[in-house]
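For reference, the structure discussed in these notes is given below.
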Amino acid sequence: MMQAIGTLERAVSRLEQDVAGLADAAPASPFPALDQGAARVALRSLDDLIATLKGHAHG
């Protein structure tokens with residue numbers, strides 16, 4: 001369980017970096033505009049899930 005949580009944490013961290021990079025490149029990017037607010041909400045939700053999972057893993 002803790003290994004899975006660690007994997008999730010690393011994935012979220014990479015996503016956060018990707019979102020930041022996409023946001024910086026958005027004006028020059030041919031891709032649709034990134035909804036930064038929605039991306040941050042989704043990442044916060046994942047962070048909350050990881051915290052909950054950690055609580056259950058220790059409890």
Side-chain angles (χ1 to χ4, degrees):
M1 176 79 140
M2 292 306 293
Q3 188 175 16
I5 292 171
T7 299
L8 278 171
E9 287 177 316
R10 288 187 296 279
V12 168
S13 179
R14 283 192 302 271
L15 280 171
E16 289 170 337
Q17 292 171 3
D18 289 348
V19 166
L22 287 171
D24 290 343
S29 175
F31 300 108
L34 174 68
D35 185 342
Q36 293 179 39
R40 286 190 180 102
V41 167
L43 289 170
R44 247 190 320 271
S45 177
L46 287 172
D47 284 337
D48 291 345
L49 174 62
I50 290 168
T52 299
L53 290 172
K54 279 184 172 179
H56 287 294
H58 292 293

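Fair warning: this is a prediction, and the values are worked out from it, not measured in the lab. Atoms considered below: every heavy atom in the structure, side chains included; atoms not considered: hydrogens, waters and symmetry mates. Positions are given from 1 along the sequence.
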Exercise. Side-chain heavy atoms under 4.5 angstrom apart, residues restricted to Ile, Leu, Val, Met, Phe, Trp, Tyr: same cluster for L49 and V12?
Worked result: yes
For this session: Go through the structure and list residues passing side chain to side chain donor-acceptor pair (under 3.5 Å) with E9, not counting sequence neighbours.
Result: K54
Exercise. Side chain to side chain contact (heavy atoms under 4.5 Å, CB included) with L8: which residues, sequence neighbours excluded?
Worked result: I50, L53
For this session: Please list, chain by chain and in numerical order, all residues satisfying side chain to side chain donor-acceptor pair (under 3.5 Å) with T52, sequence neighbours excluded.
Result: none
For this session: Could you list the residues that satisfy side chain to side chain donor-acceptor pair (under 3.5 Å) with R14, not counting sequence neighbours?
Result: none
Exercise. Quick one: salt bridge (Lys or Arg N to Asp or Glu O under 4.0 Å) pairs with a partner in residues 43-53, sequence neighbours left out?
Worked result: none
Problem set entry | Distance (rounded to the nearest 0.5 Å) between L15 CG and R10 CZ | 13.5 Å
